[in-house]
Number of protein chains: 2
Amino acid sequence: MASIKDVAAEAGVSVATVSRVLNDHPSVSADARARVLAAVEALGYRPNAVARSLRTDQTRTLGLVISDVLNPYFTELARSVEEEARALGYSVIIGNADERPELQDHHVRTLLDRRIDGLLVSPTDGGSPLMLDAARSGTPMVFVDRWIPGVDVPVVRADGRAAVRDLVAHLHGLGHRRLAIIAGPAATTTGSERVDAFRDALREYGLPLPDAYIGQGDFQAASGRRATEEFLDLAEPPEVVFAADNLMALGALDAVRARGLRVPDDIALAAFDDIPWFVHTDPPITAIAQPTPELGRAAVRAVVDRIEGRPPQSVTLPATLVVRRSCGEPPAMDSTPMNVTQRSNP
Amino acid sequence: MASIKDVAAEAGVSVATVSRVLNDHPSVSADARARVLAAVEALGYRPNAVARSLRTDQTRTLGLVISDVLNPYFTELARSVEEEARALGYSVIIGNADERPELQDHHVRTLLDRRIDGLLVSPTDGGSPLMLDAARSGTPMVFVDRWIPGVDVPVVRADGRAAVRDLVAHLHGLGHRRLAIIAGPAATTTGSERVDAFRDALREYGLPLPDAYIGQGDFQAASGRRATEEFLDLAEPPEVVFAADNLMALGALDAVRARGLRVPDDIALAAFDDIPWFVHTDPPITAIAQPTPELGRAAVRAVVDRIEGRPPQSVTLPATLVVRRSCGEPPAMDSTPMNVTQRSNP
DNA sequence: GTTACGCATGTAATCGATTCCAAGATGATC
DNA sequence: GATCATCTTGGAATCGATTACATGCGTAAC
């Protein structure tokens, strides 16, 4: 592959001049510029990004470590991150942690070895020493969706408290009183926050949240299935299951179906994170929707701000309830609580 | 960040010795090795992958350019590619082309600039000059899922002909005679092949495939919706719609639902590419399942073979029909055609 | 006509690794 | 004790770019 030296030889100038033309430095004569451009064209020359990065100490690359690529929420996030990054002249390397802390560490480490300019992480756990080091050692870093308390890193996330309150209001309005939740791992902020928000909202309606109604999940479908089976085995099973993410809702659906029961007649179902398929499941699933693309964009802007020396900002955007039929017939329009969206199509 | 020089100074040896220890070259004394290791530990040193790549002319990185990250089929593919690559000591950079040729070109170009060791592509179109150049110029390359005829690059893909034949047999057995297809872009092999296979299978049953029953889609949900609306507007609408990918099936479902019609009573639906959600849609959707993880693994092994100087092989794996309820009640077990899987759960 | 300034250009150092080559040390062999 | 092979080590070149510094030339100012 042609290097800058070949171009210089072909154009009859020095490598410095070639470099100047390529980085459009002002002091190059029109003649030299033309000859260099012609040589570049003739040789099909493309600058070696590896060499350039070594010299300039910047890779124009962002790392994104997400918890699970197979989760549509995260792929949508990844997509918007890549889009915004590209618009700002950065590439993105995605690492999939599969909800496994050691895999997350592997990705953080290789990304750091590659000297990425900035790192976006949605941590699967409380934070490995590695990641804390990275944050402290000055690699520009931002948490997306999930974060680690006590670490001084900007956080870009959605606040679901209001939406969870709306959901509980909706469920209460439909006459449900025994509400259960399938939680995510306690080590993740989204895992514990959603339970807290749910518990607080229940308290407002004087409803309890017994331990038996808190299923322990890990944001994967299989755990949603297992937790739901445990609920169904209870002497007094819940009337509603609220899954803390869409994959566990899928597992819950599997479990309900395997028992020959029906949603919402035998048991109601709601999920955190909305996805296009929820419109077409049997029945359509009531869900809390995050402004995912906006989160991705905000996260990229935050790291790039840090990279380029501007002060980065934490961002919190509201999530919204999308009522469908999985909890029972939706209330009539005029009794819809504030901030509740009635949506039928994606 | 500490460099190899700092380590050398700390350990009281030369950089050459440090490098030898790091790459466990045999001729280093036990003493020197211990001192270097201690220095590495003390400084928290990590080799700079950029510098290493420049010198060794290998990045241990694979590029993967896929047509659409939001399509669950491709995210599953990406996941298995990353997994296998990691097992073989490679990282993967994913580029999402969003079915847009110019975006595909952008990604191919930046990946090439980054001097990736090998490239996996699922081309969105007939092939830009850029990609053909890349193939010719010797960058190890493999096509996955889709390919470009006439280019001498190994192809790893699934053959759906048998499964499509099984599907048509199934549909015919259920009494359906007017079968329509929503095709992908003709510029993609999967776009045209699936139509060809469908047409051939129909011919075996003496059924026609009129032009009006071939909808032009682009593998995105919106096009599936549009095509389905056109079918429904026909004087004689089809009895079955076969979508050439899962997103267009989602669009078709949207369209049917918007008209207040029901699947399969008013119109039947089947899709190419199976996804976990198809079990829970209303009704569960009959689909042709590809062995996606195997495809990803085979593709990685093929490029790595080329990278490491072994002859790479094209691989073709069979797809299989998964019968559910979206085309009418499934036939009794004993009348199930060969190679047809009855599956109820993911 | 001399001085000075600015522009265009080239030489060479540099980034952080790997690796060839030479050289010193050690030990074995005769 | 001299010779030679083997092992360990360091110096320096190298990968392909960027960029500080020096140089030469032309033009303007006095």
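Chain letters run A, B, ... following the sequence lines, proteins first and then strands; every chain starts at 1.
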May I have the list of side-chain donor-acceptor pairs in residues 29-40 of chain A shorter than 3.5 Å, sequence neighbours left out?
| unit_1 | atom_1 | unit_2 | atom_2 | d |
| --- | --- | --- | --- | --- |
| Ser29(A) | OG | Ala32(A) | N | 3.1 |
| Asp31(A) | OD2 | Arg35(A) | NH1 | 2.5 |
| Arg35(A) | NE | Ala11(A) | O | 3.0 |
| Arg35(A) | NH2 | Ala11(A) | O | 3.4 |

Please report the distance, rounded to the nearest Å, between [atom1] in [X] and [atom2] in [N].
X        : N       : atom1 : atom2 : result
Arg35(A) : dT9(C)  : CZ    : P     : 8 Å
Arg52(A) : dA17(C) : CZ    : C1'   : 20 Å
His25(B) : dC21(C) : NE2   : P     : 13 Å
Asp24(A) : dA8(C)  : CG    : P     : 14 Å
Arg20(B) : dG10(D) : CZ    : P     : 8 Å
Leu54(B) : dT19(C) : CG    : P     : 13 Å
Asn23(B) : dT8(D)  : CG    : P     : 17 Å
Leu22(B) : dT19(C) : CG    : C1'   : 14 Å

Side chain of [X], heavy atoms from C-beta onward: which of [options] has the nearest atom to it?
X        : options                   : value
Ala16(B) : dC15(D), dA8(C), dG11(D)  : dG11(D)
Ala51(B) : dG16(C), dT9(C), dT9(D)   : dG16(C)
Lys5(B)  : dC15(C), dG16(C), dG10(C) : dC15(C)
Ile4(B)  : dT18(D), dT9(C), dG16(C)  : dG16(C)

Of Arg33(A) and Val15(A), whose closest DNA chain C nucleotide lies nearer the 5' terminus?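 By nearest-heavy-atom nucleotide position, the 5'-most residue is Arg33(A).
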
On DNA chain C, check which nucleotide each of Val28(A) and Arg115(A) is closest to and give me the residue with the more 5' one.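 By nearest-heavy-atom nucleotide position, the 5'-most residue is Val28(A).
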
Hydrogens and angles aside, do Asn71(A) and Asp245(A) bring a side-chain donor and acceptor to less than 3.5 Å of each other?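 Indeed, the side chains of Asn71(A) and Asp245(A) share at least one donor-acceptor pair under 3.5 Å.
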
Quick one: label [X] by what it contacts on the DNA or RNA (base, sugar-phosphate, nothing), any heavy atom closer than 4.0 Å.
X        : value
Val18(A) : nothing
Val13(A) : sugar-phosphate
Asp57(A) : nothing
Ser27(A) : base
Ala32(A) : sugar-phosphate

Between [X] and [N], is there a side-chain N or O to OP1/OP2 distance below 4.0 Å?
X        : N       : value
Asn48(A) : dC15(D) : no
Ser29(A) : dT9(C)  : yes
Ser19(A) : dT18(D) : yes

Pair Asp152(B) + Arg136(B): basic N to acidic O under 4.0 Å: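 Salt bridge flag = no for Arg136(B) with Asp152(B).
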
Pick the nucleotide of DNA chain D nearest each of Thr17(B) and Arg55(B); which residue has the one closer to the 5' end?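 Taking each residue's closest nucleotide, the earlier one in sequence belongs to Thr17(B).
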
Pick the nucleotide of DNA chain D nearest each of Tyr45(A) and Ser14(B); which residue has the one closer to the 5' end?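 That would be Ser14(B).
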
Is there a donor-acceptor pair closer than 3.5 Å between any side-chain N or O of Asp125(B) and the backbone N or O of Pro101(B)?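 Side chain of Asp125(B) to backbone of Pro101(B), a donor-acceptor pair under 3.5 Å: no, none is there.
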
Got a sec, which residues hit side chain to side chain contact (heavy atoms under 4.5 Å, CB included) with Ala298(B), two or more places apart in sequence or on another chain?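 With neighbours one apart ignored, the set is Val156(B), Arg301(B), Val315(B).
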
Using the side-chain hydrogen bond (donor to acceptor under 3.5 Å, both in side chains) definition, which of the options Arg146(B), Glu102(B), Gln104(B) pairs with Thr124(B)?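 Filter result, single survivor: Gln104(B).
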
